[in-house]
Amino acid sequence: MATNKVRTRFAPSPTGYMHVGKLRTALYAYLKAKHEGGTFILRIEDTDQERYVEGAVDIIYNTLRETGLLWDEGPDIGGPVGPYVQSERMHMFKGYAEQLVEKGEAYYCFCDKDRLEEMRLVQKASGQAPHYDGHCRNLSKEEVEAKIASGAPYVIRQKVPQTGTTSFEDVVFGHIEVDNSTLDDQILIKADGMPTYNFANVVDDHLMGITHVIRGSEYLSSTPKYNLLYKAFGWDIPTYIHCPPVMKDAQNKLSKRNGDASYQDLVAKGYLTEAVLNYILLLGWSPKGEREIFSLDEMVEIFDEHGIGKAPAIFDPLKLRAINAAYIRALSPEAFAEKAAPYIDAAVKTDCDRKLLCSVLQQRCEVLSDIPEQIDFIDEMPEYDLELFRSKKMKTTPETAKEALEAALPVLEGIGDFTQENIHEALFALIAEKGVKNGWMLWPLRVAVSGKQFTPGGGIELSAILGKQRALDRIRAAIARLA
RNA sequence: GGCCCGAUGGUCAAGAGGUCAAGACAUCGCCCUUUCACGGCGGUAACCCGGGUUCGAUUCCCGGUCGGGUCACCA
């Protein structure tokens, strides 16, 4: 493709699981493209039929759509360089490999698995790294033709130079150089005529005009072989941006196998999509200034791949929580109410002041899934220890609590419209009249209506949320217990 | 094991040949407050080790240690 515009791609294999590192790669590829006014491409690498997982492609689509990483070209919407599903491109690779054979950059290999296995055993025994020994590297044209004609199975291997070095510049890791002698004559086309991943990848990236290859650092060591392929074809080498892995701890990568959270898991746990994306942005990349909360549009604006660090980053759930809390607080009351509704419904079946409940909750929850546990006292009064009435700071004891509640009860009974404002007004009048501290009166109230040590909101708010009948019943019950 | 890569507080991280070595999360303390939270203020806490280059290295070079990646007819 003749274009100088930036084209990046996200090329996941559909494994049914969008882990955090994968999402981050997608994010960076998207941001790079959009920042440059370029094109973001989605390509599904589904050539491994054995690993095929039902619904996996949908998970990829849904995750990208939910997070707003919308692609400009892809399997569902097409584009000028399709198809965008690798399994539909299978027929186009063998011809390219044959071109390489023609040029002397690749060769047919007839070695069977038994021979290769034996070869490796010998190499291992003698302390060598396993590698193809070049057995078929120099077969004559006639020999090759005869074998093919006889129907012998074969693969096509890349002919890697045996001397010299190959080097490239990675945006993140800088200059990387390896001896060609450490590179293997990798297989390009398998015996079934299908390409290996590495070969398909190079050809696809070229055919799709990819200018910036953004992927995990696990590909760093195979990149020299990729480049040799590009050179063999005479194609332009893309700019490489290798991203270090996202770790669970210092030793282990975040992975499905370890049962670590995927994007879907995090959302199911009550994290907001935007918060997850924002946190992932910061995992291994740092912005110029000190701000760290960004919308997707702002990320596009400020993203610079030079800010990507080289060291693996450990995923910190606590930091994610903090960022999620910031996002929850920034939500409009309506948006929060909508998102919180399912969590509230799970814990509360009875009537209560939902609006007020939401307004207290929004300031006091960090993750939506905190909600049910925070409000489990609404439907049913929990058992509680009378010692909860004791607070050193508030100077309250079970005894003073009884006194406070007994004073508050008639005042509350006299309120017609049991709103937060009215309760506040009445109780503060009482507090003034008695000349006591706010906490002396309100701490017992909070405990009496909730039975909990920690609650979202204070006694006045909780009373209003519960409604007059229930609040008063609970206060009376508390007084009875304190008697 | 060979090859490649990495290392700044507990975590994410900025940073430059000379800095009191940013900031955020966590943690601790104080203030505010109707508990916790929110908000405000402040504190504790870091340059992996050994050589070299240099007037001076955490920063540059070499070695080591530790960690990661990669060495398939998997992707």
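Throughout, protein chains are lettered first and strands after them, A, B, ... in sequence-line order, and every chain is numbered starting at 1. Because the structure is predicted, anything quoted here is derived from the model rather than measured. Heavy-atom basis, side chains included; hydrogens, waters and symmetry copies ignored.
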Aromatic A:Y384 / basic A:R481 pairing, under 6.0 angstrom, 45° off normal: yes
B:rG18 to B:rG1 separation - P atoms, rounded to the nearest Å: 38 Å
Rounded to whole angstrom, note down the C1' distance from B:rU44 over to B:rA26. 13 Å
Taking the side chain of A:Y219 as its heavy atoms from C-beta onward, which of B:rC12, B:rG1, B:rA75 lies nearest to it? B:rA75
In whole angstrom, give me the gap between the C1' atoms of B:rG9 and B:rC32. 30 Å
Residue whose nearest RNA chain B nucleotide is more 5′ - A:E461 or A:Y226: A:E461
Heavy atom of residues 440-456 of chain A under 4.0 Å from RNA chain B: which residues? A:L442, A:W443, A:R446, A:Q453, A:F454, A:T455, A:P456
Stepwise ring pair (Phe, Tyr, Trp, His ring centres under 6.0 Å) check, A:F303 with A:W285: CA-CA 9 Å; A:F303 184 73; A:W285 179 82; 5.4 Å; yes
Can you tell me the distance, in whole Å, between the NE2 atom of A:H175 and the P atom of B:rC3? 16 Å
Take A:I314 and A:E290, find for each the nucleotide of RNA chain B with the closest heavy atom, and name the residue whose nucleotide sits nearer the 5' end. A:I314
Let's see if you can work this out: which of B:rG68, B:rC5, B:rU11 has an atom nearest to the side-chain heavy atoms of A:F173? B:rC5
Among B:rU35, B:rU70, B:rA13, the nucleotide that comes nearest once only the side chain of A:E218 is considered: B:rU70
Name the nucleic acid region contacted by A:C109, choosing base, sugar-phosphate or nothing; use a 4.0 angstrom heavy-atom cut-off, strictly under. nothing
Rounded to the nearest Å, what distance is computed from the CG atom of residue A:L320 to the P atom of nucleotide B:rA26? 12 Å
Within the structure shown, what part of the strands sits under 4.0 Å from A:R329 by heavy-atom distance: base, sugar-phosphate, or nothing? sugar-phosphate
Taking the six-membered ring of A:Y132 as reference, does the NZ or CZ atom of A:R157 fall below 6.0 Å from its centre and within a 45° cone about the axis? yes
Looking across every strand, which nucleic acid part, if any, lies under 4.0 Å from A:G457 by heavy atom: base, sugar-phosphate, or nothing? base
Please verify the inter-ring angle class for A:Y17 with A:H19; under 30° counts as parallel, over 60° as perpendicular, anything in between as tilted. tilted
Among B:rA13, B:rA72, B:rG68, which is the nearest nucleotide to the side chain of A:P130? B:rA72
Donor/acceptor link under 3.5 angstrom from A:K437 side chain onto base of B:rU34: no
What does A:H424 touch in the nucleic acid at a heavy-atom separation under 4.0 angstrom: a base, only the sugar-phosphate, or nothing? base
I'd like the C1' distance from B:rG63 over to B:rU27, given in whole Å. 38 Å
From the set B:rC38, B:rA22, B:rG6, return the single nucleotide nearest to any side-chain atom of A:P312. B:rG6
Taking only the P atom of each, what is the distance from B:rU58 to B:rA46 in whole angstrom? 15 Å
Quick one: label A:G439 by what it contacts on the DNA or RNA (base, sugar-phosphate, nothing), any heavy atom closer than 4.0 Å. nothing
Write down the distance between CG (A:L462) and P (B:rU34), rounded to a whole number of angstrom. 15 Å
By the 4.0 Å heavy-atom rule, please label A:I460 as base, sugar-phosphate, or nothing. base
When the P atoms of B:rU53 and B:rC62 are compared, how many Å lie between them, rounded to an integer? 15 Å
For atom C1', what is the distance between B:rA21 and B:rA13, given to the nearest Å? 13 Å
For a quick check of understanding: with a heavy-atom distance under 4.0 Å over all strands, which category does A:D179 fall into, base, sugar-phosphate or nothing? nothing
Charged tip of A:K147 within 45° of A:F110 ring normal and under 6.0 Å: yes
On a whole-Å scale, what distance lies between the C1' atoms belonging to B:rG15 and B:rC66? 24 Å
